[in-house]
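Here is the structure we will look at.
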Amino acid sequence: MRTLLTWLCAVIAPLAIWAEEKTVVSPDGKLCVTVAVEEGRAFYTVAYDGHEVMGRSALGLRTNLGDFTKNLTWQEAKEGNKVKDYQMTRTKKSQIHYDANTLAVTLQTEKKVPLTVEFWVSDNNIAFRYLLGRGPKDNPKCAIVESEATAFNLPEETRSFICPQITPMKGWERTKPSYEEEYKPDEPVNAKSQFGVGYTFPCLFRQEVDGMTQETKGKKLAAKKENVWILLSETGVTSDYCGARLSDYALGVGYTIAYPQEGENNGFGSTGAAIMLPGCTPWRTITVGRTLQPIVETTVHFDVLDPLYAPSEDYRAGRYTWSWLIWQDDATVYEDQVKFIDLAAAMGYEYCLVDGLWDSQIGYNRIEELAKYARTKNVSLMLWYNSNGAENDAPQGPRGVMNNSIKRKQDMAWMKRIGVKAIKVDFFGGDKQETMRLYEDILSDANDYGIQVIFHGCTMPRGWERLYPNYVASEAALASENVYFSEYHAKKEGFQMAMHPFARNAVGSFDWGGMMMNRHMSRDNKSRHPRYTSDVFEMATAITNQTSVNCVAMCPNNLTDLPQFELDFLRHVPTTWDDTKFLDGYPTQYAVIARRTGGKWYVGGINGTDKAIKLTLQLPMFAGQNVKYYTDEPKKDGEVIPMSVLKELKVSKKGEAQVVIQPMGGIILMYI
């Protein structure tokens with residue numbers, strides 16, 4: 001069987017007549033990668049389930065040691081298998097089994113410097129990277145990687161769901177890129193990016209392929225079009241390398257890996273990477289599936305990595321309250337923070353985040369008093385920090401602490417002494433290796449002091465939950481604060497939240513910034529623009545969105561203005577999961593996700609459109625049971641937010657349940 005599949009892969013890939021080639025196939029035989037060299041250049045192709053999904057795509061690096069994109073000779077190819085079982089505590093699954101077939105192809109330049117391309121191919125997933133060796137005389141022992149030729153040559157008819165990168169040092173206080181641009185759904189791949197500098201990872205694509213034939217009423221066989229979904233990203237980026245993105249699409253070439261822009265990090269630092277030899281690049285990842293299930297459920301971004309250090313303590317997952325989202329800067333004062341600590345205590349939450357300006361509006365001494373007060377309520381503080389002092393002009397303090405190793409350790413020692421358990425660090429400067437070092441330095445030092453870390457105004461995580469055990473989540477998307485800032489983004493919340501399970505949150509934990517339970521974006525809950533999503537929509541995002549320390553952006557008034565059944569759910573909503581299952585959805589339109597913690601399943605569904613969506617869900621975990629069913633009533637005339645209700649729903653013995661998700665509404669199903 002394997003021989004037949006290998007032959008089919010070779011036939012499917014349009015390889016012309018390549019001098020050397022080798023194929024590796026996934027354990028289930030569906031995913032196939034062929035690597036080859038033709039006229040001194042290295043390429044690969046990808047086929048899935050009998051269809052070519054990626055044509056001839058370039059491989060190679062350009063370095064100060066030489067150009068590994070041309071004049072290459074094939075040296076050897078080694079096949080193998082990689083099997084590992086490991087545990088995770090703060091991502092979509094807790095027990096993970098990984099099984100991949102591997103292929104390592106070693107190429108050589110005219111100067112006899114070796115470059116190995118290593119592919120790990122598991123069911124639905126490809127991870128590959130470059131390993132750069134030393135020359136024939138064991139020197140030099142270091143290298144500068146200037147750029148990368150790696151391409152993803154998707155067919156021109158492919159459609160994209162991708163987020164543009166922006167040029168640096170733009171926007172508010174020159175804080176761009178902050179990875180908060182807008183997705184465009186089902187765009188042609190040849191459409192130019194909004195700012196002309198390509199796209200940020202992760203990048204989702206859809207292809208239509210000929211599927212199985214089906215019988216019509218006239219008993220004739222008709223071709224049936226089916227989707228193939230492809231998610232491109234990278235993982236394993238540490239202080240040893242820079243982060244990357246995708247270029248614009250070029251016909252016949254596809255997308256290529258692009259390194260950071262010169263102006264990032266206020267122009268400081270190289271756009272390439274300095275590495276020790278032998279050394280390696282981060283992993284490029286490709287997830288492929290006939291449905292969106294492999295995209296939502298993939299763990300490849302953790303599978304190929306191992307922890308860089310041990311946790312200094314057993315880090316506690318949980319929920320946190322956050323005044324800033326609705327009450328803004330003026331609320332970062334002692335008296336208002338007491339109110340949000342009391343709110344956290346009333347809800348049984350573990351944390352309260354004190355946002356920016358606490359250093360000037362509360363002060364270090366009174367923060368100690370606040371931390372002491374919080375402990376009497378069984379609540380721990382989280383503190384906000386500016387990441388920099390020289391990367392952009394973001395004014396909020398504390399500034400000049402997290403980017404300075406001496407001041408950073410001093411503050412972390414102080415936080416450990418007063419019982420602060422986590423920090424949220426904001427306003428990073430891009431993807432250069434200099435910035436990646438800062439992320440890692442903050443995480444490593446924080447672990448020494450028993451502190452968890454959330455990043456905002458930042459790039460996406462790249463396997464960091466696996467590499468750094470005290471890493472929690474990143475923003476790296478157009479998140480909840482924008483719902484506060486403008487009515488336009490409030491109306492787009494459903495669109496954005498129905499995108500993230502299939503891209504941003506598929507590759508790493510996502511600190512969206514909270515379930516917003518105020519109906520208006522104001523402290524009095526009456527003025528400014530309204531929220532346009534239902535209460536159940538907001539609550540369901542606790543399930544469709546994954547992060548182990550999750551923000552519930554309630555305000556104190558919500559203790560009395562929310563129905564009791566909503567408060568009950570919000571009090572007990574979990575944040576850690578043992579399993580995740582994709583049930584239904586389409587990017588930017590709707591998403592239904594099931595997650596299990598212990599023996600309990602929670603199903604969350606959100607509708608980002610202006611029309612009701614009727615679904616028949618497959619729920620084998622609830623077969624034959626009555627379940628709690630949180631849903632919305634249809635909107636009445638003049639209503640912006642519909643009335644939420646709690647019902648019982650009977651799931652059939654076959655595990656089927658019919659549900660309706662109202663426009664900009666949600667559903668939650670859980671055990672009674």
Side-chain angles (χ1 to χ4, degrees), residues 88-97 124 229 231 287 289-299 317 494 497-510 512 515 536-548 550 569-570 572-587 589-608 613-632 646-662 665-672:
M88 294 285 284
T89 59
R90 49 184 58 210
T91 185
K92 61 184 80 173
K93 294 185 179 182
S94 61
Q95 304 287 333
I96 301 169
H97 175 74
N124 299 106
W229 295 91
L231 183 69
T287 301
R290 285 279 194 166
T291 70
L292 284 159
Q293 181 176 353
I295 305 298
V296 171
E297 298 178 16
T298 184
T299 57
M497 290 303 285
M499 179 70 219
H500 295 312
F502 309 107
R504 168 64 189 84
N505 206 190
V507 303
S509 300
F510 179 33
W512 153 257
M515 291 157 266
V536 181
F537 178 106
E538 293 294 322
M539 297 190 303
T541 63
I543 302 164
T544 60
N545 180 37
Q546 179 271 317
T547 179
S548 62
N550 202 1
F569 175 83
L570 292 167
H572 301 291
V573 61
T575 63
T576 56
W577 307 103
D578 295 306
D579 202 2
T580 294
K581 297 293 183 185
F582 167 73
L583 299 181
D584 207 343
Y586 192 89
Q589 296 182 16
Y590 71 105
V592 186
I593 310 292
R595 301 192 196 269
R596 177 177 61 83
T597 181
K600 293 184 177 180
W601 282 95
Y602 294 76
V603 174
I606 56 174
N607 179 359
I613 296 176
K614 297 180 180 180
L615 301 171
T616 299
L617 299 178
Q618 303 300 316
L619 303 171
M621 70 287 286
F622 295 143
Q625 299 183 43
N626 289 330
V627 295
K628 288 184 179 180
Y629 179 35
Y630 297 77
T631 186
D632 303 305
L646 174 59
K647 304 178 180 180
E648 284 190 19
L649 180 68
K650 178 70 174 181
V651 180
S652 76
K653 292 181 180 179
K654 293 181 179 180
E656 292 185 348
Q658 293 185 340
V659 299
V660 177
I661 314 180
Q662 295 296 333
I667 58 166
I668 298 169
L669 304 175
M670 54 187 285
Y671 291 103
I672 292 176

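Only heavy atoms go into these numbers, but all of them, side chains included; no hydrogens, no water, no symmetry mates.
- Taking all atoms of both residues into account, the shortest heavy-atom contact from Ala506 to Leu231 is CB-CD2, 4.0 Å.
- In terms of heavy-atom proximity, Thr576 sits nearest to Ala317 at CG2-CB, 3.4 Å.
- Checked against ring pair (Phe, Tyr, Trp, His ring centres under 6.0 Å), Trp229 has the following partners two or more places apart in sequence or in another chain: Phe161, Tyr586.
- For Gln625, the side-chain hydrogen bond (donor to acceptor under 3.5 Å, both in side chains) criterion is met by no residue, not counting sequence neighbours.
- Judged by distance alone, the side chain of Glu297 and the main-chain N or O of Phe582 form a donor-acceptor pair under 3.5 Å.
- Using a 30° and 60° split on the angle between ring planes, Trp512 and His500 fall in the tilted class, from 30° to 60°.
- With hydrogens and angles disregarded, a donor-acceptor distance shorter than 3.5 Å links the side chain of Thr541 to the backbone of Glu538.
- Applying the 6.0 Å contact sphere to NZ of Lys650 captures more than 12 heavy atoms from other residues, nucleotides or ligands.
- Proximity of a side-chain donor or acceptor of Asn545 to a complementary backbone N or O of Phe510 within less than 3.5 Å is detected.
- Under the side-chain hydrogen bond (donor to acceptor under 3.5 Å, both in side chains) criterion, Ser548 pairs with no residue, sequence neighbours left out.
- Not counting sequence neighbours, the partners of Thr299 by the side chain to side chain contact (heavy atoms under 4.5 Å, CB included) test are Tyr86, Lys92, Lys93, Ile96, Phe302, Asp303.
- In this structure, CD1 on Ile668 lies 9.5 Å from OG1 on Thr544, to the nearest 0.5 angstrom.
- With hydrogens and angles disregarded, no donor-acceptor distance shorter than 3.5 Å links the side chain of Arg595 to the backbone of Tyr602.
- Under a cut-off of 6.0 angstrom, the local environment of CD in Glu656 is crowded, with over 12 non-hydrogen atoms contributed by other residues, nucleotides or ligands.
- The ring pair (Phe, Tyr, Trp, His ring centres under 6.0 Å) search around Tyr629 returns none, not counting sequence neighbours.
- The backbone N or O of Gly598 lies less than 3.5 Å from a partner atom in the side chain of Asp578, making a donor-acceptor pair.
- Under the side-chain hydrogen bond (donor to acceptor under 3.5 Å, both in side chains) criterion, Arg596 pairs with no residue at all, not counting sequence neighbours.
- For the atom pair CD1 (Ile661) and NZ (Lys614), the distance works out to 13.0 Å, reported to the nearest 0.5 Å.
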